[in-house]
Amino acid sequence: MGQREDLRNVAIVAHVDHGKTTLVDAMLWQSGAFTAHQADTGDVNERVMDSNDLEREKGITILAKNTAVDHIMPSGERITINIIDTPGHADFGGEVERGLSMVDGVVLLVDASEGPLPQTRFVLRKALEAHLPVVLVINKVDRPDARIADVVDETYELFLDLDADEHQIEFPIVYASAKTGRASLKRPQDGAMPEEENLQPLFETILSAIPAPSFDDGAPLQAHITNLDASPYLGRLALCRVHNGTIRKGQQAAWCRANGTIERVKITELLMTHALDRVSADSAGPGDIIAIAGIEDITIGETLADPDDPRPLPVITIDEPSISMTIGINTSPLAGQSGSKLTARQVINRLEAELVGNVSIRVLTTERPDTWEVQGRGELQLAILVEIMRREGFEITVGKPQVVTRRIDGRLHEPMERMTIDVPSEYQGVVIQLLALRKGRLEQMVDHGTGWIRMEYIVPARGLIGFRTEFLTETRGTGLLHHIHEGYEPWAGDIRTRPSGSLVADRRGATTGFALANLQERGVMFVGPGTEVYEGMIVGENSRQDDMDVNPTKEKKLTNMRQSSGDVLVPLIPHRVLSLEQALEFCRDDECVEVTPATVRIRKVLLFAQDREKQRGRASKAKQPQ
């Protein structure tokens, strides 16, 4: 076996918001990735790896991306470190699994205050299953509430809990402050800065702990496709890791497809990453992470091999989806007012295009020809897909999120989530009460002695649909919750949906301040005056459990009696503006969300009141004993 000593491939993994992208920023700066002109003019964004508009708005990483930095050894030798920046949110776990297939080791970031959280467990479990060595980085050691020693102990416990072998548990530890670009191998005091002025200890630890890429000297070409991208000039780009052999620009290669067929193709362009740019290269060897152009239909998991001796690599396998929702064309009376893509053909073409680059979702047909079931890892992942489609000009109708069930040994099973909650101790009782109603099972409770309590729950995935908003309301916005897929368990029984009903408009028209002033006594309004509504559209949340048909367009009758100015001014409570995620959480089974580039509206699946009444009648007859 040979080794590429001039190269290291490493993935940076962590729970959401523990500082992965900030650390990559600091590594890029200190390795001289940006030119002096860029540095002087400030022509570099913070969190430069979060290049997607949605990533910047939400402050999270959604897509795994790679970059490369050069590290100069004291001997003058130049070593290239390929870095994969992965998402920290459980819903984008498919991106993490693909990233791990490209690397020879991982840098595990853990917050010096929060410690290991559910996504930390997920990414670490995947790394240990792949037998990858781990470098532990305790980040944000300068936080005033840092508890470095306790977090290190908790991380060791996590390794033991995940059955790490004796080699994996002997990991090096680096203490860092990614925001200031400092690191040290010596543990600082809680809340103090690392002693070194730069990230040199981290670079040295990566080079010593992460093995160089190994390869078989006599093996033919094998390059594994792990991601896809697009270029306005070159078309589809396939991102791949070269495992054996050498690939050259302009050569013929064997394209080993997922369906088992093999086709000869030409590599028209070969690109390698340097800092944030892709530069053209003539050839690439074992261990290199490259982008190739010229194969229009290539997909993730396929292999490029030697045309004379094709040896396909195993297809990447990832965890199955656990949440589904329906996506179809917009059928509301206000369809076509702000979007440009309205037809069923445009919607299914877009969903099929998403399947090419996103291996963690599924698209299934339904009874209706203009509606499809989309399955994914979680609500956020599916909401991000809907938001991207909305920005592209689509008008669609999105159904309430549902869980994907399975039959195991003849019994119905449902997905379960492991949830970690951090709350001030005064909210402990209300959180326990909320989760008891949602069939939650308390596994562990820890009091850190700081006034905050950490609770670990196993909860049915359907019990968490709509839970986040209720949780934040009850904890006055102070609580933190994170969850990750745990497995499947037998169906837990009925779970209470939201306790309130809906205020449903009974006619089309523009809302008036006079009507809304009367309706706001009934509950919380979702629309303001002058908003166009239609029959079946939900304009507010009823304070009672039942739905109520209301007239939000009613105008005040004019008389020839003089009035004081106080009579003319209508005092209106500001209405609640729901985001796309909040609207999906609010939905009941008979409700859906109308999504257009301009607005997000909640509506009944059956718009007309008489149709809903007939459906209720049929449902009540079906429940009666025969």
Compare all side-chain heavy atoms of [X] with those of [Y] and state whether any distance is below 4.5 angstrom.
| X | Y | value |
| --- | --- | --- |
| Gln444 | Val446 | yes |
| Cys592 | Val398 | no |
| Val459 | Phe467 | no |
| Ser113 | Lys140 | no |
| Tyr457 | Ile432 | yes |
| Met537 | Val504 | no |

Selection residues 513-540 - residue pairs positive for side-chain hydrogen bond (donor to acceptor under 3.5 Å, both in side chains), sequence neighbours left out: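 Every pair satisfying side-chain hydrogen bond (donor to acceptor under 3.5 Å, both in side chains) with a residue in residues 513-540: Tyr534-Glu594.
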
Assess the side chains of [X] and [Y]: does a donor N or O sit below 3.5 Å from an acceptor N or O?
| X | Y | value |
| --- | --- | --- |
| Ser502 | Glu591 | yes |
| Ser500 | Arg588 | no |
| Gln346 | Thr343 | yes |

Check residues 321-328 and write down every donor-acceptor pair under 3.5 Å in which the side-chain atom is one partner and the other belongs to a residue at least two apart or another chain.
unit_1	atom_1	unit_2	atom_2	d
Ser322	OG	Arg377	O	3.3
Ser324	OG	Glu373	OE2	3.3
Thr326	OG1	Gly399	N	3.4

Can you name the salt bridge (charged side-chain N to carboxylate O under 4.0 Å, His left out) partners of [X], sequence neighbours left out?
| X | answer |
| --- | --- |
| Arg350 | Glu354, Glu392 |
| Arg368 | Asp370 |
| Asp549 | Arg612 |
| Glu157 | none |

Is there a side chain to side chain donor-acceptor pair (under 3.5 Å) between Glu470 and Thr473 once you walk through the steps? CA-CA 5 Å; Glu470 196 174 354; Thr473 302; over 6 Å; no

So, [X] and [Y], do they make that salt bridge, N to O below 4.0 Å?
| X | Y | value |
| --- | --- | --- |
| Lys400 | Asp590 | no |
| Glu613 | Arg616 | yes |
| Arg147 | Asp190 | no |
| Arg441 | Glu489 | yes |
| Asp547 | Lys604 | yes |
| Asp145 | Arg143 | yes |
| Arg418 | Glu456 | yes |

Tell me, with the steps shown, if Thr120 and Arg125 meet side chain to side chain donor-acceptor pair (under 3.5 Å). CA-CA 8 Å; Thr120 315; Arg125 184 175 74 234; over 6 Å; no

Under 3.5 Å: donor-acceptor pair, side chain of [X], backbone of [Y]:
| X | Y | value |
| --- | --- | --- |
| Thr511 | Thr553 | no |
| Asn542 | Asp546 | yes |
| Ser332 | Leu334 | yes |
| His575 | Ile573 | no |
| Glu414 | Val403 | no |

When you look at Asp153 and Thr155, which way does the side chain to side chain donor-acceptor pair (under 3.5 Å) test go after all the steps? CA-CA 5 Å; Asp153 291 341; Thr155 308; over 6 Å; no

